[in-house]
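Report on the following structure.
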Protein chains: 2
Amino acid sequence: MGAKIQRTDRRSDALSKKRIVGVAIEILDDAGESALTFRALAGRMATGSGAIYWHVSDKDELLAAAAEEVVTPFMIKIGGGRPREAIRLIALGLFDAIDAHPWVGTQLSRGPGQPAMLRIFEGIGGRLLALGVPERALFDSWSALVNYIVGVAVQNAANARSHARGTDRTALLATVATQWSQLDPCEYPFLRQVAAQLREHDDREQFLAGIDLILAGIGTVG
Amino acid sequence: MGAKIQRTDRRSDALSKKRIVGVAIEILDDAGESALTFRALAGRMATGSGAIYWHVSDKDELLAAAAEEVVTPFMIKIGGGRPREAIRLIALGLFDAIDAHPWVGTQLSRGPGQPAMLRIFEGIGGRLLALGVPERALFDSWSALVNYIVGVAVQNAANARSHARGTDRTALLATVATQWSQLDPCEYPFLRQVAAQLREHDDREQFLAGIDLILAGIGTVG
DNA sequence: ACCTGAACACCGTTCAAGT
DNA sequence: ACCTGAACACCGTTCAAGT
């Protein structure tokens, strides 16, 4: 402060990266990834499509910022409780965020430079340190957990995206389960067999079961 | 045979879904995902862009078929050895396939209906059965493994895509490691700390380490 | 049955021109 | 400094017209 000028927007409808990202999230949530267009964005903000480029350099930057906006809040909320519990909270936070905003999954799968990704990486890593995982097992353990968590998140998002919006996870599972139960029994005996379990299970709980499985594996090393 | 007419292409340059998918893979490998255009495809095949639609209904179908073409061969080759070893072979097969064709990663992350995905799901599931994993642990174990394997595959592909083609995994790791080592030490202490290990490690070996970790976790249940 | 290629309805991005 | 909106160089997809 002092030398630096604090520039707040004088008009409430002034353009800013913050507002643009906010409206982008609205469009993504309302109408899906394909609906996010610079023209649509400009239309909703009552401005020209080129104006957006003054505040945002790229569509990539816009999407990365939108994803970070969704991921950051729940990562901050987690705090410093028991590390095992914190890991589960991070995982569930991401799970729920992607449930509400499937497009975040696409974004996460676009590279490791994503700021949203870095926050998750760091969050898990710090908790494994706190958990007392021995030095030699730390890197492999971290990598396995992070890959699992992000992997499930991305696949869940893909599931959600591949069906019409509005259908919830339960209805969606039923669809996939039906598909699997109709597969060729010679080529796909296993998938046919588990189709029934797929229909009954709860995605969220099973996601946690996977994390516990990996933590159990980590435990065998420590 | 008999009633059914065996229709082979009379001219060697006749259009067919098989040839179209082949050329699509060529383009994807040579020049990346953004280069695969119906116009580029038509250009290389010396035909009109609309002609392709006679054999392929969609760009989605084209990409799914291309991914399946890459995944199927190594899944077939694996055969019925020791199940633990077979699981590793499936995982490594996918790893190497995506190393050679990063665009397969994008495709895999596009939904669970992908035929390429189904083959992997089935392959892992069958081996867990053969491994004697108890009924009650089977579904969670399968889901954790599959999610991990596909998750790593997709993220690896994203890594490869986010940098120029030609740079190999080792050079790429160095880039990411450098980025991480320059992160804000207050916000990202863990990532800064593991940046050095990231530079040294071998992606492939560590991928296997993750699988072993999950298998170890599965072992604690059985 | 299969192929042609112009046409349609879009994109992201740029940039001279305005305020 | 910030915004406008036409223009550019593309897309995927369709479809009348050809063979």
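In what follows, every chain begins at residue 1, and chains take the letters A, B, ... in the order their sequences are listed.
Remark: C1' of dA6(C) and OH of Tyr53(B) are 15 Å apart, rounded to the nearest angstrom. Following rounding to the nearest Å, Met45(B) (CE) and dC2(C) (P) show an atom-to-atom distance of 15 Å. In this structure, CG of Leu41(A) is placed 16 Å from P of dG5(D), rounded to the nearest angstrom. Protein atom CD1 of Ile20(A) is 15 Å distant from nucleotide atom C1' of dT13(C), rounded to whole Å. Rounded to whole Å, atom P of dT13(D) lies 11 Å from atom CD1 of Ile52(B).
The only member of Ile25(B), Val23(B), Ile27(B) that meets side-chain contact (heavy atoms from CB on, under 4.5 Å) when paired with Leu36(B) is Ile27(B).
The pair Asp99(A)-Arg204(A) does not count as a salt bridge, with every side-chain nitrogen at least 4.0 angstrom from each carboxylate oxygen.
Checking dC3(D), dC11(D), dT13(D) against every side-chain atom of Thr37(B), the shortest atom distance belongs to dC11(D). For Ser49(B), the listed nucleotide lying nearest its side chain is dA6(C); candidates were dC3(D), dA6(C), dG12(D). Comparing dA1(D), dC2(C), dG12(C) by their nearest atom to the side chain of Trp54(A) picks out dA1(D). Checking dC3(C), dT13(D), dG12(C) against every side-chain atom of His55(B), the shortest atom distance belongs to dC3(C). Here the side chain of Phe38(B) is nearest to one of dA6(D), dG12(C), dT13(D), namely dT13(D). For Asp58(B), whose side chain is taken as the heavy atoms from C-beta onward, the closest listed nucleotide among dA7(D), dT13(D), dC3(C) is dT13(D).
If you look at Tyr53(A) and Phe38(A), their ring centroids are closer than 6.0 Å. You'll find the ring centres of Phe207(B) and Phe95(B) inside the 6.0 Å limit.
With a cut-off of 3.5 Å on both Watson-Crick or G-U wobble distances, the partner of dT19(C) is given as dA1(D). A 3.5 Å limit on both hydrogen-bonding distances identifies dA7(C) as the Watson-Crick or G-U partner of dT13(D).
Residue Leu62(B) is out of contact with every strand shown, counting any heavy-atom pair closer than 4.0 Å.
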